[in-house]
Amino acid sequence: MLRIILLGAPGAGKGTQAAVISRKLTIPHIATGDLFRAALGQGTDLGNKAKAYMDKGELVPDDVTVAMVLERISEEDAKSGYILDGFPRTVNQGTALDQALEVNQQSIDLAILVDVSDEELIRRLSGRSICRTCQTPYHSENNPPKEAGVCDLDGGELYQRDDDKAETVGNRLQVYSNETAPLIHFFESQGKLVRINGEQDISVVEKQLFDVIDAK
Ligand code: ADP
Ligand code: ADP
């Protein structure tokens, strides 16, 4: 039973690694960006509200985001733990999560920071494509699909996210450093932070993540 947070800048490899952890530990992978994009695809109010922020590379307001996550983690499949990817992204979100868990005598077990330099993040985001149906990420050079433009897992069409285009990426990295990086200290002061060098091969990062998780 583990509640894990994957922390890291856009493009650090959170989604790639969270998918493997979710499969191996049989706990749900809860990615706020995926939830917003799915809501947008379904044309819900939540999706339409999030779109304006996502397009600019800004954060969706905390109240909307926190409400969405608290609802998701209260679902049946999250009773045996979960891996959060892309949440919390502000200290305010981290505090709101802690308080909501505390009410049920629960807490986060581990916050893992996947650390990658800005230069490499830009290279990863510019080559990333994701599946239109399951949102699995690929990379044109580092992690290409077996057949160009097609998801290995479900045959869905791959596309480049609008916010992965160069004009938005700079702002997203700035937002990360201003609003999300303070969470590193937040989790460090709780004694929950572990850092991993995310600039290694996908398989090496995966192995080191499991070393940390298995030690828990
Ligand atoms: P990445 O995988 O590149 O880090 P995400 O898919 O997690 O990007 O997020 C895409 C966008 O969704 C963000 O730029 C932001 O607009 C919105 N978003 C995702 N998670 C959060 C969050 N926890 N708080 C506020 N906005 C969020
Ligand atoms: P995040 O969810 O943190 O935004 P992703 O998991 O979507 O990041 O990965 C960003 C891009 O980098 C994707 O194109 C992915 O295939 C690629 N990638 C992920 N991990 C690595 C790695 N360790 N080395 C090289 N490329 C990677």
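Count residues from 1 along the sequence.
- Counting only distance, with no hydrogens or angles, the side chain of Lys79 and the backbone of Ser74 share a donor-acceptor pair below 3.5 Å.
- Looking at heavy atoms from C-beta onward, Ile213 lies in side-chain contact with Leu25 at the 4.5 angstrom threshold.
- Using modelled atom types, no side-chain atom of Tyr138 and backbone atom of Cys131 make a donor-acceptor pair closer than 3.5 Å.
- Counting only heavy atoms from C-beta outward, the side chains of Tyr159 and Ser129 never approach each other to under 4.5 Å.
- Taking Ile, Leu, Val, Met, Phe, Trp and Tyr as members and joining any whose side-chain heavy atoms lie under 4.5 Å apart, directly or through other members, the hydrophobic cluster of Val175 also contains Leu59.
- Between the side chains of Asp85 and Gln17, no donor N or O sits under 3.5 Å from an acceptor N or O.
- At a cut-off of 3.5 Å, with distance as the only test, a side-chain donor of Asn92 or Asp62 sits close to an acceptor on the other residue.
- At least one side-chain heavy atom of Ile73 sits under 4.5 Å from a side-chain heavy atom of Leu70.
- Between Glu188 and Arg195, at least one side-chain N (NZ, or NE/NH1/NH2) sits under 4.0 Å from a carboxylate O, which counts as a salt bridge.
- Transitive grouping of hydrophobic side chains (ILVMFWY, heavy atoms separated by less than 4.5 Å) brings Leu46 and Met54 into a common cluster.
- Residues Arg172 and Asp164 form a side-chain contact, since some pair of their non-hydrogen atoms from C-beta on lies under 4.5 Å apart.
- Counting only heavy atoms from C-beta outward, the side chains of Ile83 and Pro28 never approach each other to under 4.5 Å.
- Under 4.0 Å is where a charged nitrogen must lie from a carboxylate oxygen, and between Asp211 and Lys207 at least one such pair does.
- When atom types are taken as modelled, the side chain of Lys14 and the backbone of Ala9 share a donor-acceptor pair closer than 3.5 angstrom.
- Taking 4.0 Å as the cut-off between side-chain N and carboxylate O, Lys56 and Glu167 do not count as a salt-bridged pair.
- Put simply, Val116 and Ile122 are part of the same group of oily side chains (I, L, V, M, F, W, Y) that touch within less than 4.5 Å, one to the next.
- Under the 4.5 Å side-chain contact rule for hydrophobic residues, Leu183 and Leu6 do not share a cluster.
- Between the side chains of Asp154 and Thr133, at least one donor-acceptor pair of N or O atoms lies under 3.5 Å.
- Contact check on Asp77 versus Arg72 returns a salt bridge, with a Lys/Arg side-chain nitrogen under 4.0 Å from an Asp/Glu carboxylate oxygen.
- Under the 3.5 Å distance criterion, with hydrogens and angles disregarded, a donor-acceptor pair is assigned to the side chains of Arg37 and Gln135.
- Remark: Asn143 pairs with no residue by the side chain to side chain donor-acceptor pair (under 3.5 Å) rule, at least two apart or across chains.
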| Are Arg123 and Glu141 close enough, and set up right, to give a salt bridge (charged side-chain N to carboxylate O under 4.0 Å, His left out), and what steps lead you there? | CA-CA 10 Å; Arg123 207 177 65 77; Glu141 290 160 28; 3.6 Å; yes

| task | Please assess Lys24 against Glu206 for the test salt bridge (charged side-chain N to carboxylate O under 4.0 Å, His left out), listing each intermediate value before the final yes or no. | result | CA-CA 11 Å; Lys24 291 203 179 161; Glu206 180 186 321; 3.0 Å; yes

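- Between Glu102 and Ser107, the side chains place no donor N or O within less than 3.5 Å of an acceptor N or O (distance only, hydrogens not considered).
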